[in-house]
Protein chains: 2
Amino acid sequence: MVKRMTTKDKILDAAEQLFAEHGFEQTSLRQITAAAEVNLASVNYHFGSKKALIQAVMARYLDVFMPALQRQFEQLAQQPVINSRQVFDCFREPLRELATVRKHGPTYFLSLLGFAYAEIQGHLRRYIMTHFGDVMQLLQVMMHRANPNLSPVDMFWRLHFVLGTLVFAQVSGRALREIAAADFGESVRADQIIDKLIPFVAGGVDAAVA
Amino acid sequence: MVKRMTTKDKILDAAEQLFAEHGFEQTSLRQITAAAEVNLASVNYHFGSKKALIQAVMARYLDVFMPALQRQFEQLAQQPVINSRQVFDCFREPLRELATVRKHGPTYFLSLLGFAYAEIQGHLRRYIMTHFGDVMQLLQVMMHRANPNLSPVDMFWRLHFVLGTLVFAQVSGRALREIAAADFGESVRADQIIDKLIPFVAGGVDAAVA
DNA sequence: CCTAAATTCAAACATGCGTTTTAATTTAGA
DNA sequence: TCTAAATTAAAACGCATGTTTGAATTTAGG
């Protein structure tokens, strides 16, 4: 017996899919409520504003992903020696686990993260820092252990380059996958992009400074 | 004796600055015409539409940058052996030359490119491919020569990761530079980000596949 | 069952957008 | 200088957005 979905959840599910496909600003409340088959006003009734809805959509994933990531980091931290590749591999399992939240969870989450960072950089950064600051600090520690030669400033920039690569790969992932499929006849599933991404960013982080 | 600026140029200059700072969709024609101190309707009179204005802003830079980049590629192509770092270094001088177009040309151009790719991926890609397809093909040839082991598909993805890194670095460049300055007391000029970027992307491209 | 709270609904609101219109004004050529 | 074209100007148009309103309806507790 499936409990009938509440309006709130219908909105969240519809919003997350549309946000992941078209971005936050490009998705209107009318599209969302139409897809969710609920009344337009119900978004403001249940969430207060579009901004709050976006936050709720993100939080649903971050609350699962971040603790899982933290566990991976803590496990890796016990190793005496660490390299960049291992640090980035920490993201794989927590990402895969998002499939339990929702069928296309891993894909949706990365796409949402991409749009969030592209459209509302400061906002998301602040949110993650205040809610999951310890995880991010752990990441920084891990990266430093993996690459002790790199100065903190250079590491800062490179980590953000990594984030940018990730973001971009997801945001334009669909378009690129279509082009790749057309040009090379090789179709890459959305969740497989990360397999191509990790060696790239690990190589970038490990590069000599100049 | 300075020739008094024409309305068309006043619009282009104001638009380019606002586009570079806030993105295309986030910048309204009213903001542009107010900054340019011209009438709102003049944009549609001189350019036809906002879309055409965006294209004109981009074209002003691409028409200078792309031929310069092509010259760099052709020069490098004469070398018997090429590595990724050299290919990416080809971008430096053409970028620097954009300062002749406008004082903050290099910064503006990268930022515009970033927003263009983030907001209207397909459009920009098509425009560059049709107008400067030979340059892009040259890039692909150079990259293959620099890294013959890499399969065409993997090279395709990595080049787009590179573009994504570039895009992201510029789009969120201002915010990140402020954070970096606050956290590390080291202020990085916008046009210096590329110095941090090039080693990173070269390292990423050269990484082992998996 | 009855009532009060919670929710849904249709409609309207206020705002900002790109674009168009129409008239006034400036510019340039005969 | 006169006239026709080019340009500027103010205003309004049509549309889409997020949000609010107030009444209708459903839900839950005594």
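The sequence lines fix the lettering, A, B, ..., with proteins before strands; numbering per chain opens at 1.
Atom P of nucleotide D:dT7 and atom CE of B:Met5 are separated by 16 Å, given to the nearest angstrom. The distance between atom CZ of A:Phe47 and atom P of C:dA6, rounded to the nearest whole Å, is 18 Å. When the P atom of C:dC9 is taken as reference, atom CG of A:Asn39 falls 6 Å away, rounded to whole Å.
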Once base and sugar-phosphate atoms are separated, protein heavy atoms under 4.0 Å mark nucleotides 15-20 of chain C, 5' to 3', with B, S and - as --BBBB
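Note: A:Trp157 and A:Phe161 have tilted aromatic rings, judged against thresholds of 30 and 60 degrees for the angle between ring planes. Between A:Phe156 and B:Phe184, the ring planes lie perpendicular to each other; the angle is over 60°, past the 30° to 60° tilted range. Aromatic ring orientation, B:Phe200 versus A:Phe200: perpendicular (interplanar angle above 60°, classes split at 30° and 60°).
In terms of the side-chain contact (heavy atoms from CB on, under 4.5 Å) criterion, residue partners of A:Val209 (sequence neighbours excluded) are, by chain and number, A:Leu150, A:Asp154, A:Arg158.
Considering OG1 of B:Thr7 and CG of B:Leu12, their distance stands at 11.0 Å, rounded to 0.5 Å.
In this structure the side chain of B:Lys8 never reaches within 4.5 angstrom of the side chain of B:Ile11, judged on heavy atoms.
Distances shown here put a side-chain N or O of A:His46 below 4.0 Å from the OP1 or OP2 atom of C:dT8.
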* To do: Go through the steps for A:Glu74 and A:Arg71 under the test salt bridge (charged side-chain N to carboxylate O under 4.0 Å, His left out), then give the verdict.
  => CA-CA 5 Å; A:Glu74 284 164 353; A:Arg71 282 192 296 274; over 6 Å; no
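Taking the six-membered ring for Trp, A:Phe19 and A:Phe115 have ring centres at least 6.0 Å apart.
DNA chain C is contacted by no residue of residues 13-21 of chain B, taking any non-hydrogen atom closer than 4.0 Å.
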